[in-house]
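Have a look at the structure below before the remarks.
Lettering follows sequence order; numbering is per chain, from 1. Quick caveat, the model's predicted, so the values are computed rather than measured.
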There are 2 protein chains.
Amino acid sequence: MTNSDKHADILQAALELIAERGFHDAPMSEIAEKAHVAAGTIYRYFENKDVLINDLFQEIEDKLMEVLLDNYPLGEPVKEQFFHVFGELCRYLLTHPLHFRYMEQFFNSPYGISKRRDKISGKATNYRKHDTLAEIFKEGISQQILKDLPVVVLSSLAIGPMLYVIRDHTLGFVVLEESLIRQMTEACWDAIKR
Amino acid sequence: MTNSDKHADILQAALELIAERGFHDAPMSEIAEKAHVAAGTIYRYFENKDVLINDLFQEIEDKLMEVLLDNYPLGEPVKEQFFHVFGELCRYLLTHPLHFRYMEQFFNSPYGISKRRDKISGKATNYRKHDTLAEIFKEGISQQILKDLPVVVLSSLAIGPMLYVIRDHTLGFVVLEESLIRQMTEACWDAIKR
DNA sequence: TTCACTGGAATGAACGTTCATTCATGGCCA
DNA sequence: TGGCCATGAATGAACGTTCATTCCAGTGAA
């Protein structure tokens, strides 16, 4: 194969292994094997495992943001914006279960926690991406459409259930068809609307 | 100290270390050190690390169940039962942050996932404990008080947000005072009520 | 030939677990 | 009472394994 892009191959292999088995059961040797590359080769593309893990996170987050901001109903009512983001996010995660499971692992690990801490304290190294959902909530609160609760709490009320259910879906505990997604979205809206 | 209970000491040390740093950053050697015990001694009390981890989970779950079932408003309306369980759970987790963080780690790991799988498929090894919350939801659905959604989904809608917010609380991202808890409980009820 | 890239064996640190040994206690006999 | 022994809990050095990372010989395009 003349056109091999080892950088991408390695990321893909890492994604599959880590999403399925977790950070600690995804040895570099196996990532290498899956990427059809030798163990040492990985280190030509990524300084070490931590960097690989963080790069992969960044890649996924970028893709996700792109999807969320595509066709974004700017200027439309808050409810519409919420349904757009919620729906797209849900659809994306359901069609990309590996990305979902990877993100879940990431946020439940020290990697994700420190990233989150940076973000909330405003020390994000990454300015181009503003927090879409937080903006919607602030707007909704000031328009008295949403309950007057801290943004972090509104986020949890809206997104928390969805993430749980998607997890149950990827684990095979529920089947999330379109109508169920709609009902859930409504229920989450009920939870945050005033 | 004549009255040392090494079994309990080891569990406590494991709890603290694992809750703070995760399963994979809690070596047996350090658990031993923290419990003021030699490495080998742990193996007199627990067959191996997996057993230690599962025993600790069981202990915490038992304590939690005891709290939830204490003063349980049997025969009262569904809403009342829900508020009781929700409130007690919330209070318990907030006053036992180590237990909360441990459970979180556990459920986000292969340990917890297989446990959950057993439970849902009815293969639980542990018959004495019925799933309180699931019972409430089934009752609420049949009385047409709650939305007609799968129990797993209702659970996520009700409990998901709370767990997220408590996490943010233990990480210092929000301060959960009593009024905020009440507002959240109401919001969760809004999400599941018909 | 040169040189950037690759493969995969080698390295060393960290871990869970084992086991030969030590230690502490309580019962027993003189 | 005082000395001895039996029991089994506790110890921690050592072992085997796994892993991330390094190193260097080999390869092929220019």
query: Should B/Arg194 and A/Asp190 count as an ion pair when the cut-off is N to O under 4.0 Å?
result: no
message: Minimum heavy-atom separation for A/Cys90 and A/Met162, please, with both atom names.
response: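 Shortest heavy-atom contact: CB-SD, 3.6 Å.
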- prompt: Which heavy atom of A/Gln105 sits nearest a heavy atom of A/Ile18, and at what distance?
  reply: NE2-O, 3.2 Å
task: Take A/Glu47 and A/His24, find for each the nucleotide of DNA chain D with the closest heavy atom, and name the residue whose nucleotide sits nearer the 5' end.
output: A/His24
Heavy atoms from other residues, nucleotides or ligands near CD of B/Glu47 exceed 12 (cutoff 6.0 Å): no
- prompt: Where along residues 27-45 of chain A does a heavy atom fall under 4.0 Å from DNA chain C?
  reply: A/Val37, A/Ala38, A/Ala39, A/Gly40, A/Thr41, A/Arg44, A/Tyr45
- line: In numerical order, the residues of residues 11-19 of chain A whose heavy atoms come under 4.0 Å of DNA chain C are none
task: Supply the atom-to-atom distance A/Asn71 CG to A/Glu88 CD, rounded to the nearest 0.5 angstrom.
output: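 One gets 7.5 Å once the value is rounded to the nearest 0.5 Å.
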Classify the ring geometry between [X] and [Y] as parallel (under 30°), tilted (30 to 60°) or perpendicular (over 60°).
X: B/Tyr72; Y: B/His84; answer: perpendicular
X: A/Phe57; Y: A/Phe106; answer: parallel
X: A/Tyr102; Y: A/Phe23; answer: perpendicular

task: Return the value, rounded to whole Å, for the distance between atom CZ of B/Arg21 and atom P of C/dA14.
output: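 Rounding to the nearest Å, CZ of B/Arg21 and P of C/dA14 are 13 Å apart.
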message: Let me check the geometry of the helix from C/dT1-D/dA30 to C/dA30-D/dT1. What is the bend angle between the axes at its two ends, five pairs each, to 10°?
response: 20°
field: salt bridge (Lys or Arg N to Asp or Glu O under 4.0 Å) between A/Lys63 and A/Glu66, intermediate numbers included
entry: CA-CA 5 Å; A/Lys63 253 182 218 155; A/Glu66 201 187 308; over 6 Å; no
